[in-house]
Amino acid sequence: MKIFNLVIAVLVFTLFSGSVAAQHKKVYTLADTLRGSLTPERTWWDVQRYELAVKPDYNDKSISGSNQIAYKVVRTNNGKTRMQIDLQEPLIIDSIIYNGKLRLKFDHEGSVWYAQVPAQKLAALNKVNIFYHGKVHQAKRAPWDGGFIFTADSLGRPWMTVACQGLGASIWYPNKDHQSDEPNLGASLTMTVPDTLVAVGNGRLVFKKNNNDGTTTYKYNVVNPISNYCIIPYVGKYVNFKEKYAGEKGLLDVNYWVLDYNYPKAKTYMPDQVHKMMKSFEYWFGPYPFYEDGYQLIDASHTGMEHQSAVSYGNWYKFGYRGRDMSGDGWGLKWDFIIIHESGHEWFGNNITSNDLADMWVHEGFTNYSETLFVDYIFGNSAGNEYNYGIRKGIRNDSPIIPPYGVNAQGSGDMYPKAGNMLHAIRHGLNNDVLFRSILRGLNKTFYHQTVTTKQIENYVSKQAGFNYSKVFDQYLRTIEIPILEYYLKNGKAFYRYTNCVKGFNLPLTLKANGVKTVKIIPSESWQELVLANGQEFLFTPQAIEFMYYLQVKNAK
């Protein structure tokens, strides 16, 4: 039996090792490339606006609708040109109408559809209206696998929504499914649903129309640029209550949409958490980025998602993550994880959006760190440090945070806690919260309503901090190695260096304690030394340094 168990263990290890190697050497398909890259059929036109109209069928698990795409020609062409439209199987495009008149020819390769458009003049503004229908891919474990969600509330009444980040908005409507191209002039979502239900969308309600045929049509509109995966319908037995929040840019319209039986608990629970969230995030990040479209918090059947101006909520009205403490130190049970985390994406993810899915750490790392900043603002600095250290247990170092570009690849889940700990380390090394806060606010002002690359974010942080953090970003985003700080004390001096790191790794460390003069060092791969003042030897304590920085600290002697 022992030999048998040993053989099984070896086989499991071999399979596991093979799966890890395969993950690092994944072979990307043509579909991956067509979805994730900026092909010639995508780059000649720039989306200006989406006008989406849909009619979901709860019983048939299907959808029919259209999306009118207004676009600007940004690259000239000779003769006829192909336009890439993304719509994932099993949905089918029925017809494409150009500028309200011309019916276009089209073909498709899997989930990529090519429309033959006439010759395009540079800077011209044109429209294509794409009509489609079909069975909808249903999410099995929303929001993680994504898709349309046909479910029922606790009273058995129909309840519908979508979660499609990563999988792509083309899972339920036709669009240019690449994060780099947001509709500059916003989008509208028109939903025709049974008149026994209520439909909610992003932004503001434009109209509600009773069709006198058992259905009602609702139209919502956003005026700001929006990621295609953030345009989401919510359909259920909703009731609404609202308020005006006094924020940095004035009065912000806040709407809460909850299932009717959740109203008694929601009317006090939700505003309490939203007010604390807004106060802390506007302090750290600057004004809420979408005052024109308002802020909505909406009951959803899944845990939650960061849908712009229409944040989905499914945390069961419990503190923590559905009652669980993500940090393990108690601080995670003093606030609602989903309201805080998903709303944090309004700044990082929705206001600042990564061009390529590979740079999703810009969304998730900063938003993960927004949790620490929230705890810091509401409960104090020590609480924030403890929370940040606690979530570190979720770091796996299984693969780099940044995967290959141009193939719709998403990196390790470490983009959450590891990137959040990296930002915390940078903050501690700076030892200047006024400067650190100005960097966070500056990011949201400089890249306001823009799509970005990780290099733009990295360079901005370095420039504003007055220190080159490029190797720090390389270490934590592009490798799976945990840097080691080696040190020893001798004859009143501290000797220190970094090992197990990328060449040039130079994370600054500020070591401090009450009653002791602060030490600031910038270790390198070579041994350095520091003459210690009275009591400073106690600052070189592995446990204390590791608590503040994501490092392994070893006494070399």
Side-chain angles (χ1 to χ4, degrees), residues 138-165 197-200 230 232-243 254-278 280-281 295-307 309-346 349 364 367-368 370-371 374-375 378-379 387 390-391 394 413 416-417:
Q138 296 183 57
K140 297 180 177 63
R141 185 172 167 262
W144 308 113
D145 62 342
F148 216 98
I149 305 162
F150 296 98
T151 187
D153 64 23
S154 65
L155 298 181
R157 303 170 300 187
W159 198 11
M160 297 177 277
T161 190
V162 177
C164 58
Q165 184 184 22
L197 303 175
V198 175
V200 184
C230 281
I232 295 294
Y234 300 85
V235 182
K237 291 292 288 186
Y238 288 112
V239 295
N240 170 247
F241 62 102
K242 63 184 68 175
E243 63 175 330
V254 178
N255 276 272
Y256 304 94
W257 294 93
V258 299
L259 296 179
D260 48 11
Y261 52 73
N262 284 335
Y263 173 75
K265 54 189 173 187
K267 64 182 179 180
T268 54
Y269 182 93
M270 280 183 163
D272 171 70
Q273 292 297 288
V274 168
H275 293 176
K276 290 174 180 175
M277 176 276 296
M278 283 290 181
S280 60
F281 288 170
Y295 170 90
Q296 299 182 98
L297 189 62
I298 307 167
D299 269 350
S301 53
H302 55 83
T303 52
M305 277 292 296
E306 64 266 27
H307 304 135
S309 74
V311 175
S312 60
Y313 175 77
N315 205 41
W316 302 342
Y317 296 87
K318 291 184 177 182
F319 281 2
Y321 182 83
R322 289 188 166 179
R324 302 196 301 273
D325 182 0
M326 302 299 284
S327 70
D329 56 24
W331 293 112
L333 290 176
K334 296 181 180 296
W335 46 282
D336 190 297
F337 177 89
I338 291 296
I339 292 177
I340 305 310
H341 177 90
E342 302 303 348
S343 298
H345 277 301
E346 294 283 51
E364 303 301 351
T367 303
N368 172 276
S370 77
E371 302 160 22
F374 173 83
V375 173
I378 300 297
F379 303 107
Y387 178 82
I391 62 173
Y416 293 82

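Keep in mind the model is a prediction, meaning the values are calculated, not measured.
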Any side-chain heavy atom of [X] within less than 4.5 Å of one from [Y]?
| X | Y | result |
| --- | --- | --- |
| Val235 | Thr161 | no |
| Leu197 | Pro158 | yes |
| Glu364 | Glu306 | yes |
| Thr151 | Met160 | no |
| Ile298 | Val311 | no |
| Pro271 | Glu243 | yes |
| Phe281 | Ile340 | yes |
| His341 | Thr367 | yes |

>> Determine whether Asn255 and Asn240 satisfy the following criterion, side-chain contact (heavy atoms from CB on, under 4.5 Å), listing intermediate values before the conclusion.
In response: CA-CA 7 Å; Asn255 276 272; Asn240 170 247; 3.0 Å; yes

>> If you apply the rule side-chain contact (heavy atoms from CB on, under 4.5 Å), what do you find for Gln296 with Lys242, and how did you get there?
In response: CA-CA 9 Å; Gln296 299 182 98; Lys242 63 184 68 175; over 6 Å; no

>> Working note: Arg157 + Asp153, criterion salt bridge (Lys or Arg N to Asp or Glu O under 4.0 Å); need CA distance, chi angles, decisive distance, verdict.
In response: CA-CA 5 Å; Arg157 303 170 300 187; Asp153 64 23; 2.8 Å; yes

Would you tell me whether [X] and [Y] have side-chain atoms, one donor and one acceptor, within less than 3.5 Å of each other?
| X | Y | value |
| --- | --- | --- |
| His345 | Gln165 | no |
| Tyr238 | Trp159 | yes |
| Ser343 | Tyr295 | yes |
| Tyr234 | Asp299 | no |

Backbone of [Y] reached by a side-chain donor or acceptor of [X] within 3.5 Å:
| X | Y | result |
| --- | --- | --- |
| Asp336 | Ile338 | yes |
| Ser312 | Met305 | yes |
| Asp145 | Arg141 | yes |
| Ser370 | Gly344 | no |
| Arg322 | Tyr317 | no |

>> Go through it in stages, so that I can follow the logic: the residues are Leu297 and Ile339, the test is side-chain contact (heavy atoms from CB on, under 4.5 Å), and I'd like the CA-CA distance, side-chain angles, deciding distance and then a yes or no.
In response: CA-CA 8 Å; Leu297 189 62; Ile339 292 177; 3.9 Å; yes

>> Using 0.5 Å steps for rounding, measure from the CD atom of Glu342 to the CG atom of Asn315.
In response: 9.5 Å

>> Return the CD to NZ distance between Gln273 and Lys276, rounded to the nearest 0.5 Å.
In response: 5.5 Å

>> Pair Phe241, Val239 - check side-chain contact (heavy atoms from CB on, under 4.5 Å), show working.
In response: CA-CA 7 Å; Phe241 62 102; Val239 295; 5.9 Å; no

> Tyr261 and Tyr263: ring pair (Phe, Tyr, Trp, His ring centres under 6.0 Å), yes or no, with the steps?
Replying inline: CA-CA 6 Å; Tyr261 52 73; Tyr263 173 75; over 10 Å; no

> What are the two closest heavy atoms between Ile149 and Val162, and how far apart are they?
Replying inline: CD1-C, 4.3 Å

Over 60° means perpendicular and under 30° means parallel, so classify the ring planes of [Y] and [X], tilted if in between.
| X | Y | value |
| --- | --- | --- |
| Phe148 | Phe150 | parallel |
| Tyr321 | Phe337 | perpendicular |
| His302 | His307 | perpendicular |

> Does the ring pair (Phe, Tyr, Trp, His ring centres under 6.0 Å) test come out yes or no for Trp335 and Tyr387, once each step is laid out?
Replying inline: CA-CA 12 Å; Trp335 46 282; Tyr387 178 82; 5.6 Å; yes

